Visitor: 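Starting off with a structure, shown below.
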Amino acid sequence: MPVSLLGATEIRRLAADLDVVPTKKLGQNFVVDANTVRKIVQVAAVTPQDRVVEIGPGLGSLTLAVLEQGAEVVAVEIDRRLAERLPTTALEHGVTDGALTVVCADALRVTDLPGDPDVLVANLPYNVSVPVLLHFLETFPALTRGVVMVQAEVGERLAAPPGSKVYGSPSAKAAWYGPWRLAGTVSRQVFWPVPNVDSVLVAFSRDAQPRGSEEERRRTFAIVDAAFQQRRKMLRQALAAVLGGSSAAASAVLESAGVAPTARGEELSIDDFLRVARAMGDAGRS
Ligand code: SAM
C-alpha cells in the first residue's frame, strides 16, 4: 500500500482530537499543503537508502512525505500528545511497521538516536532553529546532509558569506560543518496557523573531513562569539579578553594567524577564525 499524505482537513481534525491548540512557544505551525512537503523531500533528494532524522514532526505532514520515499525515519518531538499519536497516523497512512521511530524528547538535549541517521529533514520550531541545528551537527557526526525550513532571516544568515550584512555568529558556526545554500522560499499560506514571518528552505552538506578537532571547534566558536558580541569593534579590541587579556596581546595572536588586528569579525571566514584559534593555542604553549 503506498503512503498517503495528510490533507488540511485531516490535520485540523487530528489536532482537535488531540486537544492540540498550536502554540507559539513550541513554534507549532503545521504544514497543511502536500506540494510543500513533497518539495522539501525533493530538495533533500531523499532515497530509500536514507536514514532520516526529523526534528519536530508535529502531526506528521513532512514525516509521511519522507516515508513515502521509502526512507527510514527517526522523529524527535517534544509535545507528548503529538509524539504518541504519530505512529498510529503513520500506520493509517500506509507506512510499513518499523519504518518510523518516534522519540519524545527535547531535540536540544538528545544525545542518542536509534539507527545513526545520515540525513536531517525538518520544518524547525522557529524559536530554537539555530541552537537545535548546531546541537545536531555537533552531536551526530553521521549526519552528512540536510534540508530544513526556517524563518527567512535565519536562513539568510545561515547561508551568508563573510562580508555580507547578515553574516554573523550563526553563519560562521554553521560553516564550520560545511557549505549551506538557500534552496527556495515557502509561502505563509501553507501553514496552519499562518505565521507572521516568511520561510525559506536551507540545504547543507557536511564536509568529508572535519575542519579541526573538537577542542579546536570549541575554541573557534568561543572566538566567533566574542567577535560578534562586539561586531562594530576591531578584532584587537573585541577579542582582547579571549586572546591574552589586552589588545596588544590580541594583536600579536591575530598577526601570527595572518589576520589584520584592525579587521572586524564580519570579514572573517570560519577558516580565518580557526587560524586565530590555532594561533591562540600556539601562543598559550610558547
Ligand atoms: N513537521 C511539522 C510540520 O511540518 O507540519 C511540524 C513543524 S512545527 C514548525 C515544529 C514542531 O516542533 C512542532 O511539532 C513542535 O511541537 C516541535 N518542537 C518544538 N520545540 C521542540 C524541541 N525543542 N524538540 C523537539 N520538538 C520540538
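The structure presented is a predicted model; accordingly, all values stated were derived computationally and were not measured. We count ligands from 1, going down the list as the structure has it; atoms in each ligand are counted the same way.
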Visitor: Should the proximity of Met149 to ligand 1, defined as any heavy atom under 4.0 Å, be assigned to the side chain, the backbone, both, or neither?
Guide: neither
Visitor: Which atoms of ligand 1 sit under 4.0 Å from any heavy atom of Gly27?
Guide: 8 (S), 9 (C), 10 (C)
Visitor: Kindly identify the option in Pro195, Pro125, Ser129, Ser199 whose heavy atom sits closest to atom 20 (N) of ligand 1.
Guide: Pro125
Visitor: Tell me whether the count of non-hydrogen atoms from other residues, nucleotides or ligands lying under 6.0 Å of CZ in Arg188 goes above 12.
Guide: yes
Visitor: Answer yes or no: does an N/O atom from Gln28 fall short of 3.5 Å to an N/O atom of ligand 1?
Guide: yes
Visitor: Mind checking whether Glu77 has an N or O less than 3.5 Å away from an N or O of ligand 1?
Guide: yes
Visitor: Are any non-hydrogen side-chain atoms of Leu82 and Val20 less than 4.5 angstrom apart?
Guide: yes
Visitor: Between Thr63 and Glu54, is there a side-chain donor-acceptor contact under 3.5 Å, judged purely by atom types and distance?
Guide: yes
Visitor: Say whether Ala107, considering both its backbone and side-chain N or O atoms, lies within less than 3.5 Å of an N or O atom on ligand 1.
Guide: yes
Visitor: Side chains of Tyr177 and Ser205: do they bring a donor and an acceptor to under 3.5 Å?
Guide: no
Visitor: Which of the atoms of ligand 1 are close to Ser61, meaning less than 4.0 Å from one of its heavy atoms?
Guide: 5 (O)
Visitor: Which heavy atom of the protein is the closest neighbour of atom 12 (O) of ligand 1, given with residue, atom name and distance?
Guide: Gly56 CA, 3.2 Å
Visitor: Does either side chain, that of Arg217 or that of Ser213, offer a donor lying less than 3.5 Å from an acceptor on the other one?
Guide: no
Visitor: Any N or O on Val31 sitting closer than 3.5 Å to an N or O of ligand 1?
Guide: yes
Visitor: Can an N or O of Leu82 be found at a distance shorter than 3.5 Å from an N or O of ligand 1?
Guide: no
Visitor: Atom 26 (N) of ligand 1: which protein heavy atom is closest, and how many Å away?
Guide: Ile78 N, 3.3 Å
Visitor: Can you tell me if Arg109 has a non-hydrogen atom under 4.0 Å from ligand 1?
Guide: no
Visitor: Is any side-chain heavy atom of Leu86 closer than 4.5 Å to a side-chain heavy atom of Pro57?
Guide: yes
Visitor: With distance as the sole criterion, is a donor-acceptor pair present between the side chains of Asp33 and Gln189 under 3.5 Å?
Guide: no
Visitor: If we set the cut-off at 4.0 Å for heavy atoms, which region of Pro57 has an atom near ligand 1: side chain, backbone, both, or neither?
Guide: backbone
Visitor: Output the list of atoms in ligand 1 that are nearer than 4.0 Å to some heavy atom of Asp106, sorted by atom number.
Guide: 22 (C), 23 (N), 24 (N)
